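Structure record follows, encoded as structure tokens.
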Amino acid sequence: GDSVTQMEGPVTLSEEAFLTINCTYTATGYPSLFWYVQYPGEGLQLLLKATKADDKGSNKGFEATYRKETTSFHLEKGSVQVSDSAVYFCALSSNTGKLIFGQGTTLQVKP
Amino acid sequence: DGGITQSPKYLFRKEGQNVTLSCEQNLNHDAMYWYRQDPGQGLRLIYYSQIVNDFQKGDIAEGYSVSREKKESFPLTVTSAQKNPTAFYLCASSIGLAGGPAGELFFGEGSRLTVL
């Protein structure tokens, strides 16, 4: 079945460092891909999405490119801030009409 | 403001008791979902509903029950049959099923259930 695999955390970075969180997927068909973010004590909110191969989603300085050839959707940010500390979830829309989530990656940014 | 409201935020339960978690949305969304979140395991789908008076089991439905009598409301009951109910529960909604072009889920702030 469809699945999403994220790099394990926690990821600890200093402020202004470059961020990459890896995400790979297995799916039938052509799913849409998403990154959601969960700030402490809150629910999830959509960060960015891409609906077809080679699309780049971007928001708040974060970017991710839908790579069909490598089945990947890695999240990147050029310069992280303390306020980016959160749990990040990669997800795909399966052909059964459900979102499949990865296990989440915790990011801690230190001043 | 439009959104999803979950209550209570924190709930304590004794073993053997059923508890019901509330989820209300005013986004006029057709689809609603319940997820369970455990540390290191991501989100697992419990139940989902595409329309009123209809719902489907997700991946971990055993020990849970839901109803969808109104479009706005999708309460989750954690029954005494659920072996390990202590978790963070998240309700979400979307315009259509998440596989559609919209794809985006809107989440509530969650309910943390602790079984004593």
Side-chain angles (χ1 to χ4, degrees), chain A residues 1-11 21-25 27-52 55 57 59 64 66 73 86-107, chain B residues 2-7 9-10 21 23-25 27 29-51 54-61 87-112:
Chain A
D2 295 352
S3 66
V4 175
T5 302
Q6 292 179 231
M7 64 186 288
E8 291 193 16
V11 174
I21 300 177
N22 290 337
C23 171
T24 57
Y25 68 91
T28 54
Y30 303 95
S32 294
L33 301 173
F34 307 85
W35 277 100
Y36 281 80
V37 58
Q38 183 180 33
Y39 297 104
E42 298 182 9
L44 280 70
Q45 54 186 277
L46 181 67
L47 181 60
L48 53 84
K49 69 178 182 181
T51 57
K52 61 183 187 296
D55 266 4
N59 186 25
Y66 190 147
F73 193 55
V87 182
Y88 293 82
F89 291 90
C90 186
L92 67 81
S93 60
S94 74
N95 57 6
T96 60
K98 296 181 285 185
L99 272 194
I100 308 294
F101 287 89
Q103 71 269 38
T105 302
T106 299
L107 171 65
Chain B
I4 298 181
T5 302
Q6 289 187 241
S7 63
K9 197 172 177 74
Y10 299 96
L21 307 180
C23 178
E24 303 279 332
Q25 55 102 355
L27 299 167
H29 285 170
D30 287 316
M32 296 187 75
Y33 312 79
W34 275 104
Y35 286 90
R36 171 178 169 142
Q37 185 177 14
D38 296 284
Q41 294 195 46
L43 275 68
R44 292 183 289 169
L45 183 63
I46 304 172
Y47 269 98
Y48 64 105
S49 167
Q50 299 178 60
I51 56 172
D54 187 47
F55 48 82
Q56 288 78 40
K57 292 182 179 180
D59 302 315
I60 57 164
F88 190 54
Y89 291 88
L90 286 162
C91 180
S93 71
S94 62
I95 294 172
L97 271 189
E104 179 177 0
L105 296 188
F106 293 79
F107 283 84
E109 294 197 339
S111 293
R112 186 168 297 280

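All chains are named by letter (A, B, ...) in the order of the sequence lines, taking the proteins before the strands, and each is independently numbered beginning at 1. What you see is a predicted model; the values in this text were computed from it and never measured.
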* Taking salt bridge (charged side-chain N to carboxylate O under 4.0 Å, His left out) as the test, write out the residues that go with A/Lys52, two or more places apart. => A/Asp55
* So what's closer than 4.5 Å to chain A heavy atoms on B/Leu43: side chain, backbone, both or neither? -> both
* To do: Give the member of B/Arg112, B/Arg44, B/Gln37 that has the highest number of heavy-atom pairs under 4.5 Å with chain A.
  => B/Gln37
* Please state whether the side chain, the backbone, both or neither of B/Asp38 comes within less than 4.5 Å of a heavy atom of chain A. => neither
* Asked: Taking everything shown except A/Tyr30 itself, do over 12 heavy atoms lie less than 6.0 Å from its OH?
  -> no
* Asked: Considering all heavy atoms of both residues, which atom of B/Phe88 and which atom of A/Gln38 are nearest to each other, and what is their separation?
  -> CE2-NE2, 3.6 Å
* Just jot down the salt bridge (charged side-chain N to carboxylate O under 4.0 Å, His left out) partners of A/Glu42, sequence neighbours excluded, or say none. => none
* A/Glu8, part contacting chain B, at a heavy-atom distance under 4.5 Å -> neither
* Determine the minimum heavy-atom distance between A/Leu44 and B/Phe107, stating which atoms define it. => O-CB, 3.3 Å
* To do: Measure across B/Leu105 and A/Tyr36 and return the closest heavy-atom pair with its distance rounded to 0.1 Å.
  => N-OH, 2.8 Å
* Could you give the distance from CG (A/Leu99) to CG (B/Leu45), rounded to the nearest 0.5 Å? -> 9.5 Å
